[in-house]
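Below you'll find the structure, written out as structure tokens, and then a few comments.
Indexing begins at 1, ligand by ligand and atom by atom, following the structure's order. Residue numbers count from 1 along this sequence. Below, each value reflects all heavy atoms present in this structure, side chains not excepted, and no hydrogens, waters or symmetry copies.
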Amino acid sequence: MIIIIDFGSQYNQLIARRVRESHVYCQIEPPNVDMNTIADLNPEGIILSGGPSSIYEKNSPKIDKKIFNLGIPVLGICYGMHFMADALGGTVKRAGKREYGFAKLNISDPTNLFKGIEGYTNCWMSHGDSIKKLPNGFKSTASTENTKIAAFANKKKHLFGLQFHPEVDHTPRGSKMLRNFLFNICGCKRSWTMKSFADEAIADIKNTVNNNKIILGLSGGVDSSVTAVLINKAVEKNLTCIFIDNGLLRLNEAEKLKKTFQKHLKLNIRFINATNRFLKALKGVTDPEKKRKIIGRVFMEVFEAEANKIKNVEFLAQGTLYPDIIESVSAFGGPTSIIKSHHNVGGLPKKMRLKLVEPLKYLFKDEVRALGKALEMDEELIWRQPFPGPGLAIRIIGEVTRKRLTILRDVDNLLLAEIRNQGYYKKLWQSFAVLLPIKSVGVMGDMRTYENIVAIRAVTSKDAMTADWAKLPHSFLGKISNRIINEVNGVNRVVYDISSKPPSTIEWE
Ligand code: XMP
């Protein structure tokens with residue numbers, strides 16, 4: 001495994017991805033990680049990430065210098081390189097010219113990191129400081145026009161630094177450099193596969209949960225379903241899943257999920273229909289945050305009441321993913337455990353005192369899907385688009401009523417059928433409809449109509465942190481619009497949302 005020390009770079013997730021794409025497991029740790037933890041993790045190599053600070057700022061993040069004496073190869077990237085230089089007796093200075101963007105890299109030593117890359121290659125720079133004096137035992141291995149020491153190495157001690165970012169696509173040979181670090185320098189094996197992850201995770205869960213009972217809120221989404229299957233393999237009967245129908249699901253979704261779960265997953269599940277309770281609590285509420293809070297609260301009440309019926313529960317499983325626990329704009333605090341409040345189950349009541357089990361917390365969404373595949377789960381379940389916990393309530397702008405839910409369900413059903421038929425379902429991160437709280441005039445036959453407007457939202461994304469509106473063909477959008485207006489009673493106008501995230505969000509509320 002490889003450890004990445006998080007000095008706050010926006011590219012940290014990308015470094016992690018590059019390592020894992022090479023089938024090597026890696027984990028991101030904060031700079032204040034203690035050396036014993038590192039020794040226990042026993043990594044083959046360490047990568048010090050970039051970061052927004054300057055090494056000379058008072059509170060710039062630092063890691064124990066002993067990291068360079070562990071005999072483990074270290075690669076410093078940008079700020080990570082500055083830290084290494086400074087810690088080992090070199091000097092770092094504000095560069096005369098800030099270097100940002102493409103630069104031509106002149107490789108003077110095509111060994112180690114640069115093995116197989118000779119002469120010149122492009123690289124992506126983003127820095128204000130650079131190395132002025134090499135630490136003892138180091139040699140410059142590449143330069144650019146503005147930066148004399150664009151890469152350095154102390155081969156004897158297996159310490160390396162790159163001023164530029166090898167993890168971004170703009171450094172075309174960057175992946176090769178990282179692979180050189182992983183395989184030639186650190187001697188990693190390509191052993192990280194989803195099968196091996198599954199085996200290790202199952203053993204780990206067995207160990208943690210032992211013979212105790214564990215519960216899980218199953219939503220029908222990819223994350224909670226994969227979590228359930230994984231835990232079920234580890235503890236079988238001791239896992240109880242609780243599925244709460246909040247009345248805010250899509251057309252026939254609860255029944256469909258019930259069938260899928262029973263047929264394919266063989267899980268121990270309690271189904272609870274709490275529709276009336278949720279809809280009663282939402283009556284008359286139009287404020288988006290209030291809706292979310294009410295849904296979160298009722299969910300917890302229903303979940304807790306059901307959980308209390310199961311005796312001696314010690315653990316609660318959650319399908320938290322890696323992007324949820326990485327604070328994306330973390331300055332240099334390293335990964336935090338703050339989960340965006342609306343993205344988790346809603347925060348456990350403290351009195352439940354359950355210990356959390358989160359086996360997916362180091363995975364990205366596409367890795368979770370690969371894991372589902374390795375666990376031989378149903379393709380349809382693995383490829384489900386994300387669906388928010390508060391469900392259709394946050395896609396009905398204004399009050400949530402049974403009548404409006406019916407309209408939106410019919411639109412949503414038709415929309416998704418078309419999206420699937422045209423082969424867009426897997427390509428889009430999400431595609432859904434939003435029911436607006438205004439009406440507009442139309443004409444149907446010879447009749448004037450005054451009916452609802454729906455907006456179609458379709459986005460592409462990798463992890464929902466950013467998203468782009470999908471450029472669906474106009475003819476296809478036209479077909480969807482025609483079908484909705486003709487087939488769904490109560491809708492006479494369809495609009496398409498052409499906003500990206502940021503500054504908009506994916507959901508409308
Ligand atoms: P936004 O609207 O913030 O959404 O761009 C980002 C992603 O999160 C989903 N989402 C939720 N998921 N509970 C969830 O489990 C929620 O309360 C929630 N709100 C938004 C959204 O569908 C998108 O994929």
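Partner Lys501 forms a side-chain contact (heavy atoms from CB on, under 4.5 Å) with one of Asp468, Val459, Ile506 and no other, that one being Ile506.
Among Lys501, Arg292, Glu509, the residue whose heavy atom lies closest to atom 1 (P) of ligand 1 is Lys501. Compare Gly389, Gly319, Ala467 by their heavy atoms: the one nearest to atom 14 (C) of ligand 1 is in Gly389.
Relative to the six-membered ring of Tyr424, Lys427 meets both conditions, a distance below 6.0 Å and an angle of at most 45° to the axis.
Not a single N or O atom of Arg395, backbone or side chain, sits closer than 3.5 Å to an N or O atom of ligand 1. At a 3.5 angstrom cut-off on N or O pairs, Pro388 does not count as close to ligand 1.
Atoms of ligand 1 found under 4.0 Å from any heavy atom of Thr505, numbered from 1 in the order shown, are 1 (P), 2 (O), 5 (O). Near Trp429, the atoms of ligand 1 lying under 4.0 angstrom from a non-hydrogen atom of the residue are 24 (O). Here is the list of ligand 1 atoms found below 4.0 Å of a heavy atom in Pro390: 13 (N), 16 (C), 17 (O).
Taking the six-membered ring for Trp and thresholds of 30 and 60 degrees, Trp124 and His170 have ring planes inclined between 30 and 60 degrees apart. Taking the six-membered ring for Trp and thresholds of 30 and 60 degrees, Tyr362 and Tyr25 have ring planes more than 60 degrees apart, a perpendicular arrangement.
Between Thr227 and Ala317, the closest heavy-atom pair is CG2-CB, 4.2 Å.
Looking at Ser219 and Ser224, their side chains do bring a donor and an acceptor atom within 3.5 Å of each other.
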